[in-house]
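We name chains A, B, ... by the order of the sequence lines, and we start the count at 1 in each one. Small disclaimer: the values here were computed from a predicted structure and weren't measured.
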Amino acid sequence: MCGTLRASDAGKPAILMGWVNKRRDHGSLLFIDLRDRSGIMQVVVNAERNKAVHEKAETLRNEYVIAAIGTVRLRDANTINPNMPTGEVELVVDDLRILNESKLPPFLPSDTALTNEETRLKYRYIDLRRDVMQFNIETRHKVAKAIRDYLSSQGFFEIETPFMTRSTPEGARDYLVPSRVQTGTFYALPQSPQLFKQILMISGFDRYFQIVRCFRDEDLRADRQPEFTQIDLEMSFPRPENVWEIVEGFLTAAFHAAGYEIKTPFPRMDYDEAIRLFGIDKPDLRLPAFTDARDCFTEQNLQDLAINANLPVLAIRTPKVGELSRKERDDIKPMFHSKGGAKIFEDFKRIANKFPDAAAAITKKCGAEEGDLIVLVAGSAQAGPQTAMPAHRKVTPAELAIYASAGLIRLALAQKYADRHQCFQRGDFRFLWVTNFPMFEWDEGEKQWMAAHHPFTSPHEADMKLLESGVDSVSDPQSTLSAVRALAYDVVLNGTELGSGSIRIHRQDIQRKIFRALGMTDEEAKSRFGFFLEALEYGTPPHGGIALGLDRIVMILAGAESLREVIPFPKTARAVDLMCDAPTPVSDRQLRELGISVKKPS
RNA sequence: GGGGACGUAGUUCAGUUGGUUAGAACGCUGCCCUGUCACGGCAGAGGCCGCGGGUUCGAGUCCCGUCGUCCCCGCCA
């Protein structure tokens with residue numbers, strides 16, 4: 001193939017087939033850069049050697065598909081191109097076949113400037129010819145294969161589950177598929193194979209995995225597509241650590257396949273600790289954690305600054321930002337309004353002038369060095385007493401508000417000064433297990449407790465009493481439900497949630513309590529998950545698992561900014577496929593067969 | 001559902017305070033060229049300035065609307 005020939009191949013006959021990447025016409029001497037999946041090879045056509053072939057070569061244009069038949073030759077020393085792997089050799093052509101012509105594409109795979117994404121997506125087949133995209137897709141293949149091989153070696157079976165299944169109106173919006181045979185009924189495309197994989201455990205396939213497409217009809221983001229691929233696995237009789245070891249194992253294999261070595265085991269951190277140190281449940285460990293600066297101030301200091309002494313005072317350190325101009329310091333202020341309503345912003349310079357002792361203490365406690373940026377986030381004394389005070393969680397809602405906005409500001413600052421702090425280095429992979437998530441989250445809109453992970457997650461053994469006492473107080477924000485921890489865990493890489501899993505409930509009585517705590521009557525639970533609840537009653541083993549986003553893993557490995565760069569045929573922010581122009585209206589006949597009437601777009 | 005950025009040649013972009021015939025680079029077409037690899041030289045073609053209104057003597061430029069792409073919030077168990 002084009003990219004594989006080396007000096008050691010000199011003298012060999014070769015037939016190369018590929019696309020004309022570039023043509024350099026020197027009159028009776030003509031060079032063609034011939035491209036295939038493996039790379040680029042220079043092909044030389046000499047009119048003196050073969051006039052007819054040269055004439056044919058003159059008609060070649062970019063992206064023509066050709067076969068070049070000839071001999072591999074070592075290049076003269078002064079014509080070696082050290083910038084390409086095949087730069088020591090070239091193919092001297094004896095015959096040439098034009099296998100297909102090409103219209104002039106709207107952009108060329110060899111273009112250096114990146115074409116706008118709309119055009120790239122419309123002509124995705126051209127875009128995918130670019131070496132970056134070829135690399136990304138190859139990386140995707142290698143990663144998926146490494147994971148398959150690893151999990152197979154650990155005794156996991158890859159088992160397929162249905163794409164056409166039933167809608168379970170929980171969580172994300174379903175994509176629906178109308179049934180023709182039973183008019184008026186619908187299949188749903190799975191948001192994940194959750195219940196099927198749990199049922200496979202009940203069936204005795206004690207180690208299951210699947211690299212599987214999942215579908216969610218929600219708004220898109222750079223890291224969210226309506227259809228995406230999960231590495232889904234489930235095992236019987238596990239402790240969380242067993243699941244973590246498996247994940248660490250296949251990630252090691254996957255990263256190795258992509259050319260990176262990673263260290264295991266990954267560090268572990270409680271959800272509460274993640275919130276206190278980073279203000280977020282998916283901390284980016286490449287950046288410093290918060291420093292609690294409250295004890296760096298005297299009571300009087302805090303009063304002077306109108307800071308609420310009962311709430312955290314957090315110092316955010318961003319390394320090596322350097323001296324900021326007045327304008328740059330002013331630019332930080334708006335972040336405080338946009339990032340979740342932090343109560344107080346303080347310019348550290350002002351603090352240092354007015355409260356030198358406090359500033360010195362903070363600097364020391366942060367471990368700050370010359371040029372580091374420190375920003376303080378605190379609660380306002382004027383805000384008055386917080387009403388929704390501690391339910392039963394360690395971190396109160398008022399504290400959480402401070403931690404969360406500080407967390408967002410920390411990331412916004414890191415983003416803004418990324419070119420200065422150098423914390424984001426390619427190949428620097430900081431994995432983390434975040435564990436012991438809360439089982440329930442208060443939904444202010446619905447005024448009730450919701451499952452934080454999903455309703456099949458097992459609560460902590462130690463928190464069963466809290467579940468018992470809260471089971472009938474679904475609409476009480478002070479319920480002990482708030483303190484129930486789940487046997488749930490996330491694997492996080494550089495601030496991205498790669499995957500999420502849990503030990504599941506395997507006992508029907510506990511499952512029923514969870515549904516009750518979620519405000520679901522037995523009848524409701526039965527109508528939604530009846531088949532599953534029934535299955536639970538037939539000898540369900542303890543089981544648990546996890547699912548990781550393959551697209552996100554590949555995105556990070558490829559150094560890409562968007563999932564679209566690692567998905568061959570992705571969708572736009574409006575969930576449109578610009579290449580094949582899906583979705584489209586369908587014929588009246590199709591609709592009639594499905595018993596559906598729709599108002600068609602004009 | 002909300003906020004923001006962008007839309008000018010095939011592509012990437014420039015276009016000043018609203019002012020004559022909208023430019024550059026790459027690509028493309030033709031001719032020339034035997035060692036290029038971002039080849040080079042000469043000549044040339046190529047524009048619904050996203051679309052629709054409005055303001056104005058005059059709009060790529062200002063205003064309103066609309067469509068599309070991207071980013072973010074909500075949403076994503």
Colleague: Taking the nucleotide of RNA chain B with the closest heavy atom to each, which residue, Lys571(A) or Met450(A), is nearer the 5' end?
Modeller: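 Whichever sits nearer the 5' end wins; that is Lys571(A).
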Colleague: Under 4.0 Å, heavy atoms only, any strand: does Leu114(A) hit a base, just the sugar-phosphate, or nothing?
Modeller: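 Sugar-phosphate only.
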Colleague: Which atom pairs, donor and acceptor, lie under 3.5 Å between side-chain atoms of residues 208-217 of chain A and protein residues at least two apart or in another chain?
Modeller:
from      : atom 1 : to        : atom 2 : distance (Å)
Tyr208(A) : OH     : Gln210(A) : NE2    : 2.8
Tyr208(A) : OH     : Asp232(A) : OD2    : 2.8
Gln210(A) : OE1    : Thr161(A) : N      : 3.2
Gln210(A) : NE2    : Ile159(A) : O      : 3.3
Gln210(A) : NE2    : Thr161(A) : OG1    : 3.0
Arg213(A) : NE     : Thr229(A) : OG1    : 3.4
Arg213(A) : NH1    : Glu227(A) : OE1    : 2.8
Arg216(A) : NE     : Gln191(A) : O      : 3.4
Arg216(A) : NH2    : Gln191(A) : O      : 3.2

Colleague: Show your reasoning for whether salt bridge (Lys or Arg N to Asp or Glu O under 4.0 Å) applies to Glu117(A) and Arg124(A).
Modeller: CA-CA 10 Å; Glu117(A) 206 170 348; Arg124(A) 191 59 158 177; 5.9 Å; no
Colleague: Look at all strands and tell whether Asn46(A) reaches a base, only sugar-phosphate, or nothing, counting heavy atoms closer than 4.0 Å.
Modeller: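 Contact class for Asn46(A): base.
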Colleague: Check whether the side chain of Asp25(A) and the base of C39(B) form a donor-acceptor pair under 3.5 Å.
Modeller: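 No, the side chain and the base share no sub-3.5 Å donor-acceptor pair.
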Colleague: Classify the nucleic acid contact of Ala47(A) as base, sugar-phosphate or nothing, counting any heavy atom under 4.0 Å across all strands shown.
Modeller: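 Since no nucleic acid heavy atom lies under 4.0 Å of Ala47(A), the category is nothing.
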Colleague: Let me spell it out: for each of Ala113(A) and Gly87(A), pick the nucleotide of RNA chain B with the closest heavy atom. Which residue's pick is nearer the 5' end?
Modeller: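 The 5'-side residue here is Ala113(A).
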Colleague: Any base atoms under 4.0 Å from Thr115(A), or only sugar-phosphate, or nothing? Heavy atoms, all strands.
Modeller: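 If one applies the 4.0 Å heavy-atom cut-off, Thr115(A) turns out to touch the sugar-phosphate alone, with no base involved.
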Colleague: Select base, sugar-phosphate, or nothing to describe what Arg574(A) touches, counting heavy atoms under 4.0 Å on all strands.
Modeller: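 Since only primed, P, OP1 and OP2 atoms lie under 4.0 Å of Arg574(A), the category is sugar-phosphate.
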Colleague: What is the nucleic acid contact for Asp111(A), judged by heavy atoms within less than 4.0 Å: base, sugar-phosphate only, or nothing?
Modeller: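 Answer is nothing: Asp111(A) stays at 4.0 Å or more from every strand.
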Colleague: Remember a base hit wins even if backbone is also touched, and classify Thr572(A) as base, sugar-phosphate or nothing at under 4.0 Å, heavy atoms.
Modeller: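 Sugar-phosphate, backbone atoms only, no base.
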Colleague: Pick base, sugar-phosphate or nothing for Arg564(A), based on heavy-atom distances below 4.0 Å to the nucleic acid.
Modeller: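 Sugar-phosphate contact only - Arg564(A) comes under 4.0 Å of backbone atoms but never of a base.
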Colleague: Under 4.0 Å between any heavy atoms, over every strand shown, what does Arg504(A) touch: base, sugar-phosphate, or nothing? Just pick one.
Modeller: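 Result for Arg504(A) = nothing.
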Colleague: Regarding Arg61(A), tell me which of base, sugar-phosphate or nothing describes its non-hydrogen contacts under 4.0 Å with the strands shown.
Modeller: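 Sugar-phosphate contact only - Arg61(A) comes under 4.0 Å of backbone atoms but never of a base.
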Colleague: On a whole-Å scale, what distance lies between the C1' atoms belonging to G50(B) and U69(B)?
Modeller: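 About 11 Å, rounded to a whole number of Å.
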Colleague: Select base, sugar-phosphate, or nothing to describe what Thr112(A) touches, counting heavy atoms under 4.0 Å on all strands.
Modeller: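 Nothing, no heavy atom under 4.0 Å.
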Colleague: Tell me what Glu497(A) touches on the nucleic acid: a base, only sugar-phosphate, or nothing, going by heavy atoms under 4.0 Å.
Modeller: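 The answer is nothing, as Glu497(A) stays clear of every strand by at least 4.0 Å.
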Colleague: Counting heavy atoms from C-beta on, name the nucleotide in G35(B), C37(B), U69(B) closest to the side chain of Leu29(A).
Modeller: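 Of G35(B), C37(B), U69(B), G35(B) is nearest to the side chain of Leu29(A).
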Colleague: Between A25(B) and G15(B), how far apart are the C1' atoms? Round to whole Å, please.
Modeller: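 One C1' to the other, the span is 15 Å.
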Colleague: On the side chain of Glu117(A), is there an atom forming a donor-acceptor pair with the base of G68(B) - under 3.5 Å, no angle test?
Modeller: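 A donor-acceptor contact between them is absent.
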Colleague: State whether the distance check finds a donor on one side and an acceptor on the other, under 3.5 Å, for side chain Arg216(A) versus base C76(B).
Modeller: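 No, the side chain and the base share no sub-3.5 Å donor-acceptor pair.
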